[in-house]
Amino acid sequence: MGILNVTPDSFSDGGVFLSRDDAVAQARRMAAEGADIIDVGGESTRPGAQPVTPQEEMDRVIPVIEALHGEISVPISIDTSKPEVMRAAVAAGAGFINDVQALRAEGALATAAALNVPVCLMHMQGEPRTMQDEPRYRDVVADVRDFLHARVQAAQAAGIPASRLVIDPGFGFGKTLEHNLELLRGLKKLQGLGAPILAGLSRKSMIGKALGLPLEQRLIASVALAVMAVQNGARIVRAHDVGPTVEALRMWSVVYPEH
Ligand code: 8Y7
């Protein structure tokens with residue numbers, strides 16, 4: 001899953017892909033490098049980011065999705081938690097919903113069910129503005145597993161079959177470095193909920209905290225973490241640097257051809 005941010009304040013490439021033509025070119029490049037899905041996001045979820053209105057979010061993402069639709073052959077994912085953005089994005093050509101709130105917003109479950117597209121349910125403790133202020137868990141792997149289990153059940157009760165769900169532990173979303181490391185080591189314990197696992201580790205601050213590397217020097221660690229996530233059961237990896245990530249995972253697939 002290649003990341004396409006169309007926000008002015010995204011932490012890792014803020015402001016770089018703002019124009020529609022640039023966004024389309026970047027999506028094309030990621031598809032050519034082997035991305036199987038392009039994730040378009042119009043609201044930054046970095047710690048401390050300001051919320052945006054549904055209209056503002058739609059103004060950012062809908063023109064890009066319209067331009068991509070029919071132009072690239074890989075499915076387009078909409079990274080949003082807002083039902084009205086989900087509806088507009090799917091109408092414009094998105095075929096996947098990536099919701100960091102796991103369909104907890106008012107009306108999101110019913111909207112996603114009606115739209116009939118696959119959905120990624122991600123774990124987050126707290127909300128982006130404050131989530132990194134002293135996150136706490138009883139047992140981070142068990143707590144995240146219980147949360148995702150409950151959200152899978154809620155989605156199914158709303159009419160979304162498990163075959164249309166993806167689950168994600170939400171690395172960095174209300175987690176310390178140690179929480180993130182425990183989740184990565186215990187990722188296999190999220191198997192058995194009936195949905196494939198997505199992992200987003202690309203350029204995240206856990207790399208900065210662990211290795212003292214600035215954003216622009218996190219490529220190799222990001223690729224290493226992507227391989228570790230797949231080794232531990234992830235089947236979709238969300239990444240900024242698609243070419244290097246795909247090459248590493250192709251090598252992984254040669255070593256483990258049965259997967
Ligand atoms: C994730 C994500 C972000 C992630 C899923 C970033 C939108 C922060 N991270 N969605 N979104 N999983 N499913 O570093 O880990 O890209 S935003």
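One-based numbering along the sequence shown.
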Would you name the heavy atoms of [X] and [Y] that are closest together and state the gap between them?
| X | Y | answer |
| --- | --- | --- |
| I78 | D39 | C-OD1, 4.0 Å |
| P135 | G174 | CB-O, 3.1 Å |
| A88 | M58 | CB-SD, 3.6 Å |
| A162 | Q156 | CB-NE2, 3.6 Å |
| M1 | S77 | CE-OG, 3.9 Å |
| E71 | A67 | CB-O, 3.1 Å |

Check whether the side chains of [X] and [Y] place a donor and an acceptor atom closer than 3.5 Å, and report yes or no.
| X | Y | result |
| --- | --- | --- |
| E182 | Y137 | no |
| S202 | R238 | no |
| T80 | E43 | no |
| Q55 | D59 | yes |

Between the side chain of [X] and the main-chain N/O of [Y], is any donor-acceptor distance below 3.5 Å?
| X | Y | answer |
| --- | --- | --- |
| H149 | D146 | no |
| K209 | E178 | no |
| R218 | L213 | yes |
| R203 | S222 | no |
| K82 | T53 | no |
| D143 | R138 | yes |

- Task: Tell me, with the steps shown, if L198 and V237 meet side-chain contact (heavy atoms from CB on, under 4.5 Å).
- Result: CA-CA 6 Å; L198 188 158; V237 163; over 6 Å; no

Short N-O contact, [X] and [Y], less than 4.0 angstrom:
| X | Y | value |
| --- | --- | --- |
| D99 | R104 | no |
| E134 | R136 | yes |
| R29 | E33 | no |

Mind checking whether [X] and [Y] have side chains closer than 4.5 Å, heavy atoms only?
| X | Y | answer |
| --- | --- | --- |
| V246 | L249 | no |
| L68 | V24 | yes |
| Y256 | E258 | yes |
| R235 | I197 | no |
| R60 | V52 | yes |
| D79 | V40 | no |
| F96 | P75 | no |
| D168 | L121 | no |

- Item | Aromatic contact, F173 with H123 (centres under 6.0 Å) | no

- Could you walk me through whether L148 and L190 pass side-chain contact (heavy atoms from CB on, under 4.5 Å), step by step? CA-CA 8 Å; L148 292 173; L190 301 183; 4.2 Å; yes

Should [X] and [Y] be regarded as members of a common hydrophobic cluster, given that ILVMFWY residues are connected when their side-chain heavy atoms come within less than 4.5 Å of each other, either directly or indirectly?
| X | Y | result |
| --- | --- | --- |
| M122 | I76 | no |
| V85 | V119 | yes |
| I3 | V166 | no |
| L177 | V144 | yes |
| M206 | L211 | yes |

Reported [atom1]-to-[atom2] distance for the pair [X] and [Y], which is rounded to 0.5 angstrom:
| X | Y | atom1 | atom2 | answer |
| --- | --- | --- | --- | --- |
| L225 | I220 | CG | CD1 | 12.0 Å |
| S81 | M86 | OG | CE | 6.0 Å |
| L201 | I207 | CG | CD1 | 7.0 Å |
| H179 | D139 | NE2 | CG | 9.5 Å |
| Q231 | L184 | CD | CG | 11.0 Å |
| S205 | L215 | OG | CG | 9.5 Å |

- Task: Answer yes or no: are there more than 12 heavy-atom neighbours, outside D36 itself, under 6.0 Å from its atom CG?
- Result: no

- Task: Would you indicate whether E247, at its atom CD, is surrounded by more than 12 heavy atoms from other residues, nucleotides or ligands within a distance under 6.0 Å?
- Result: no

- Query: Can you list the steps and then say if L103 with R151 is a side-chain contact (heavy atoms from CB on, under 4.5 Å)?
  - Reply: CA-CA 8 Å; L103 303 179; R151 295 316 296 161; 4.1 Å; yes

- Task: Decide yes or no on side-chain contact (heavy atoms from CB on, under 4.5 Å) for M124 and Q101, but give the supporting numbers first.
- Result: CA-CA 7 Å; M124 168 173 10; Q101 297 278 1; 3.9 Å; yes

